[in-house]
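Heads up: the structure comes next, in structure tokens.
Atoms considered below: every heavy atom in the structure, side chains included; atoms not considered: hydrogens, waters and symmetry mates. Note that ligands are numbered from 1 as they come in the structure, with each ligand's atoms numbered from 1 the same way.
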Amino acid sequence: MPRPCRVKSSLDELALLGGEPAFSAPLHVGRPNVGDRQAILRRIADTLDRRWLTNDGRYVREFEQRLAEAVGARHCVATCNGTLALQVAARALGLSGEVVMPSLTFVASAHALAWDGLVPAFADVDPRSVCIDACRAAAVTGPRTAALLGVHLWGRTCDVEALEALARERGVALLFDAAQAVGCSPEGRPIGACGDATIFSFHATKVANTFEGGAIATDDAELAERAERMRNFGFVDEDVVVSLGTNAKMSEPAAAMGLASLEALDDFIDHNRANYEHYRQGLARVPGVELLSLPRPESSNCHYITVEVNPGIAGIDRDDLRRLLAAENVLARRYFYPGCHRMEPYRSRRVPHAPLPVTERLLDHCLSLPTGTATPRKAIELVCQLIELAVGHAAELAPRLRAAAD
Ligand code: T4K
């Protein structure tokens with residue numbers, strides 16, 4: 001764990017201006033949460049003893065059952081990552097054509113669909129939830145639309161009911177990307193029981209992880225059966241293949257990690273919520289660096305802690321602040337800059353989309369700060385003090401940053 005060195009009180013002490021970094025080792029946004037080590041190792045040892053490493057293993061089955069309980073879904077199909085979970089879910093739903101989705105998401109949301117020949121059609125997000133705005137999604141939904149994809153971003157949740165109403169009205173499928181949202185509850189509902197299906201990621205950087213992993217949650221038994229088949233090459237029996245399929249299976253060591261993650265999920269989320277509160281207190285008096293508020297922190301896993309930097313008020317822009325923090329070994333991230341619509345292949349393909357003013361504002365001003373169980377309170381206090389120092393002396397700092405960049 002990186003040790004905070006000391007509080008800085010003058011610009012001369014900033015690492016970007018020649019001082020010692022505030023942290024002796026990098027402070028990351030995505031440091032993995034690790035559950036009970038002994039429980040993980042015990043299950044992995046058992047896996048090795050039984051020589052059953054993957055393909056419908058005992059721990060994968062148990063992980064699916066525990067996950068279904070945790071997310072309130074009737075069925076869960078574990079996969080090797082969240083990207084494949086989305087691809088398999090889209091394939092199992094038989095989608096073709098356009099999928100209306102936000103551009104403000106990790107690029108995997110768009111790539112997974114485009115990989116299978118679907119066309120993402122980007123709609124703007126709601127400024128409060130930072131998730132897709134159902135009214136703006138309606139404006140992009142047309143005769144070529146096959147589905148809507150809501151992304152529960154940064155541990156915040158979509159307006160599920162509005163999207164369900166839109167999907168019903170237009171007769172299109174509704175998928176949710178909850179890669180970042182295990183443990184959240186949109187409008188008090190179970191996150192795994194919304195729309196036709198919801199996908200999760202259990203990548204190392206997620207609140208709960210399986211090293212690499214993912215899952216599809218659904219209440220639809222037939223959809224779950226198709227997805228289960230498709231993740232294993234389309235097999236239904238030893239030598240009977242009934243559909244196109246891929247290899248999207250989760251391994252037993254991954255499920256062993258996942259079981260320990262689920263067992264510790266409440267603790268991880270409590271830690272994240274406490275971190276959110278520490279940042280809220282630490283940044284309360286910093287003008288122009290606004291912690292994105294959570295209307296109901298109790299329904300969020302507080303996975304990402306994101307601030308919006310208003311350079312007109314703070315006197316420093318997001319990118320300079322990020323550079324300044326990086327020199328201190330605080331590796332804040334511009335998630336998910338520059339946005340899918342400004343990334344290839346969507347930029348060149350001129351994928352259909354309406355104007356995205358809220359998305360672009362957030363992409364150009366937001367910064368995600370280190371959190372998770374590997375980030376102690378002291379570190380957060382120091383990060384906040386660094387930000388306060390920069391903003392408090394912004395007028396004096398600006399020319400020195402320009403000189404340091406030359
Ligand atoms: N949909 C959404 C909305 C998603 O956010 C994602 C994944 C997906 C779909 C697809 O799910 P997967 O197929 O990935 O299961 C990371 C993850 O690779 C990605 O899983 C995740 N979203 C995305 C938000 O974050 P990067 O490019 O930011 O990862 P990287 O390597 O820069 O790591 C982030 C930070 O974490 C760094 O500061 C280093 C630190 N880290 C990372 C790892 C892997 C550690 O300290 N230890 C580690 O083991 O994408």
Side-chain angles (χ1 to χ4, degrees), residues 1-2 23 25-34 67 77-90 99 101-116 120 122 125 129-132 149-158 175-182 184 191 197-217 231 246-251 254 257-258 261 301 303-306 322 325-326 328-340 343 359 363 366-375 379 383:
M1 187 179 301
F23 291 87
L27 197 61
H28 292 280
V29 169
R31 214 72 175 143
N33 295 325
V34 179
L67 180 64
V77 179
T79 58
C80 55
N81 58 51
T83 306
L84 263 293
L86 188 48
Q87 280 179 231
V88 169
V99 178
M101 60 171 294
S103 169
L104 180 59
T105 179
F106 187 60
V107 71
S109 311
H111 277 357
L113 301 172
W115 193 266
D116 267 346
F122 300 120
V125 296
S129 70
V130 309
C131 298
I132 192 164
L149 175 72
V151 180
H152 300 302
L153 198 78
W154 296 334
R156 311 161 82 81
T157 51
C158 299
L175 270 167
F176 286 97
D177 178 340
Q180 305 174 5
V182 72
C184 296
I191 190 141
T198 296
I199 71 95
F200 295 90
S201 166
F202 297 103
H203 179 259
T205 55
K206 298 294 183 282
V207 178
N209 85 82
T210 58
F211 306 121
E212 291 271 4
I216 302 161
R231 85 171 159 187
T246 187
N247 183 356
K249 289 170 274 124
M250 178 181 277
S251 72
M257 183 70 171
S261 295
N301 61 15
H303 180 21
Y304 288 99
I305 295 186
T306 304
R322 172 171 171 256
L325 290 173
E328 305 292 348
N329 256 333
V330 178
L331 305 185
R333 296 292 295 258
R334 298 188 294 185
Y335 282 147
F336 292 101
Y337 181 83
C340 297
M343 287 178 174
T359 297
L363 287 167
C366 281
L367 197 59
S368 293
L369 300 171
T371 184
T373 52
T375 309
V383 172

Between ligand 1 and the protein, tabulate every N or O atom pair separated by less than 3.5 Å, reporting distance only.
from: ligand 1; atom 1: 1 (N); to: Ser109; atom 2: OG; distance (Å): 3.4
from: ligand 1; atom 1: 1 (N); to: Asp177; atom 2: OD1; distance (Å): 3.3
from: ligand 1; atom 1: 1 (N); to: Asp177; atom 2: OD2; distance (Å): 2.7
from: ligand 1; atom 1: 5 (O); to: Gln180; atom 2: NE2; distance (Å): 2.8
from: ligand 1; atom 1: 11 (O); to: Ser201; atom 2: OG; distance (Å): 3.4
from: ligand 1; atom 1: 13 (O); to: Gly82; atom 2: N; distance (Å): 3.3
from: ligand 1; atom 1: 13 (O); to: Thr83; atom 2: N; distance (Å): 2.9
from: ligand 1; atom 1: 13 (O); to: Thr83; atom 2: OG1; distance (Å): 2.6
from: ligand 1; atom 1: 15 (O); to: Gly82; atom 2: N; distance (Å): 2.8
from: ligand 1; atom 1: 15 (O); to: Ser201; atom 2: OG; distance (Å): 2.7
from: ligand 1; atom 1: 18 (O); to: His203; atom 2: NE2; distance (Å): 3.3
from: ligand 1; atom 1: 20 (O); to: His203; atom 2: ND1; distance (Å): 3.4
from: ligand 1; atom 1: 20 (O); to: Lys206; atom 2: NZ; distance (Å): 3.3
from: ligand 1; atom 1: 22 (N); to: Lys206; atom 2: NZ; distance (Å): 2.8
from: ligand 1; atom 1: 28 (O); to: Arg333; atom 2: NH2; distance (Å): 3.2
from: ligand 1; atom 1: 28 (O); to: Tyr335; atom 2: OH; distance (Å): 2.5
from: ligand 1; atom 1: 32 (O); to: Arg333; atom 2: NH1; distance (Å): 2.8
from: ligand 1; atom 1: 36 (O); to: Gly30; atom 2: N; distance (Å): 3.4
from: ligand 1; atom 1: 36 (O); to: Gly30; atom 2: O; distance (Å): 3.3
from: ligand 1; atom 1: 38 (O); to: His28; atom 2: ND1; distance (Å): 2.8
from: ligand 1; atom 1: 46 (O); to: Arg31; atom 2: NH1; distance (Å): 2.7

Review point. If we ignore angles and hydrogens, is there a donor and acceptor under 3.5 Å between the side chains of Thr359 and Ser103?
Key: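 Distance-only check fails for Thr359 and Ser103.
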Check your understanding: For residues Thr205 and His203, is any side-chain donor paired with an opposing acceptor at under 3.5 Å?
Key ->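 The criterion, which ignores hydrogens and geometry beyond distance, is satisfied for His203 and Thr205.
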Kindly compute the distance separating [atom1] ([X]) from [atom2] ([Y]), expressed to the nearest 0.5 Å.
X	Y	atom1	atom2	answer
Arg333	Arg322	CZ	CZ	7.5 Å
Trp154	Phe336	CH2	CZ	7.5 Å
Ile191	His152	CD1	NE2	4.0 Å

Check your understanding: After noting the C-alpha distance and the side-chain angles of Leu149 and Ser109, does the key distance pass the side-chain contact (heavy atoms from CB on, under 4.5 Å) rule?
Key -> CA-CA 9 Å; Leu149 175 72; Ser109 311; 4.2 Å; yes
